[in-house]
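Beneath this line is the structure, given in structure tokens, with notes to follow.
These values consider heavy atoms only, across backbone and side chains, with no hydrogens, waters or symmetry-generated copies. Protein chains get the first letters and strands the later ones, always in sequence-line order, with residue 1 at the start of each.
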Amino acid sequence: MMEQDTFRQRIWQIVAAIPYGKVTTYGEIARLAGSPRASRQVGGALRHLPEGSKLPWHRVINRMGKISLTGESFNRQRQALMAEGIEVSADGKVDLNYYRWEL
DNA sequence: AAACTGACTGTTA
DNA sequence: GTAACAGCCAGTT
């Protein structure tokens with residue numbers, strides 16, 4: 001069957017391409033997906049991942065270099081980042097100048 | 001079709 | 001550097 005090319009599916013494809021040990025921002029993904037102002041939709045796409053998805057969703061943070069999630073979700077993302085050797089401060093800050101994914 | 005939602009961002013102070 | 005606000009737009013109701 002032909003899958004329809006939804007915005008979300010394109011987001012997932014792009015996120016899948018973020019290399020191990022690197023991060024990028026919601027806005028950058030929106031730009032790569034061809035809708036530069038749709039950064040909020042990127043978050044929305046990551047919130048509804050397919051069951052059992054292996055997508056590296058944790059490599060996506062906001063433009064201030066911080067984790068946007070709160071509560072337990074924040075902790076899970078922080079642990080996942082640190083598990084790939086990324087330095088994350090206690091408040092969820094990552095050095096984008098050093099860890100940013102660039103083509 | 002209209003209203004509402006929000007894992008965001010740019011501007012302003 | 002942070003905080004408040006407005007604009008943004010795909011998906012959902």
Next on the checklist: So, does A:R8 get its side chain near the phosphate of C:dT12, meaning an N or O under 4.0 Å from OP1 or OP2?
Outcome noted: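 Yes, A:R8 has a side-chain N/O under 4.0 Å of OP1/OP2 on C:dT12.
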Item to check | Euclidean distance, atom CZ of residue A:F74 to atom P of B:dA7 [Å, nearest integer] | outcome: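 The answer, rounded to whole Å, is 16 Å.
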Checklist entry - Once you round it to whole Å, what is the distance between P of B:dG6 and CG of A:L46? => result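 For the pair A:L46 CG and B:dG6 P, the rounded distance is 16 Å.
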Next on the checklist: Once you apply a heavy-atom cut-off of 4.0 Å, does A:S35 come out as touching a base, just sugar-phosphate, or nothing?
Outcome noted: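 Sugar-phosphate: the residue A:S35, judged by heavy atoms under 4.0 Å, touches backbone atoms but no base.
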Checklist entry - So what does A:Y26 hit on the nucleic acid, given a heavy-atom distance under 4.0 Å: a base, only sugar-phosphate, or nothing? => result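 If one applies the 4.0 Å heavy-atom cut-off, A:Y26 turns out to touch a base.
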Next on the checklist: Pairs counted only when both distances fall under 3.5 Å, Watson-Crick or G-U: show me the 5' to 3' dot-bracket for DNA chain B, [ ] for pseudoknotted crossings and | for other-strand partners.
Outcome noted: .|||||.||||||
Next on the checklist: Let's see if you get this right: which residues in residues 81-103 of chain A place a heavy atom under 4.0 Å from DNA chain B?
Outcome noted: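 Those residues: none at all.
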Item to check | Contact summary for A:K22 and A:W101, nearest pair of heavy atoms | outcome: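 Nearest heavy atoms, A:K22 then A:W101: CB-CB, 4.0 Å.
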Checklist entry - Same cluster or not: are A:V42 and A:M64 linked, directly or through other Ile, Leu, Val, Met, Phe, Trp or Tyr residues, by side-chain heavy atoms under 4.5 angstrom apart? => result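 Per the 4.5 Å side-chain linkage, A:V42 and A:M64 are not co-clustered.
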Show each protein N/O and nucleotides 3-8 of chain C N/O combination with a separation under 3.5 Å, one pair to a line.
residue : atom : partner : partner atom : Å
C:dG7   : O6   : A:R40   : NH1          : 3.1

Item to check | Nearest-neighbour nucleotide for the A:T6 side chain, C:dG11, B:dT9, B:dA7 considered | outcome: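 The listed nucleotide nearest to A:T6's side chain is C:dG11.
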Checklist entry - Do A:R37 side-chain atoms and A:A30 backbone N/O form a donor-acceptor pair below 3.5 Å? => result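 No, A:R37 side chain to A:A30 backbone: no donor-acceptor pair under 3.5 Å.
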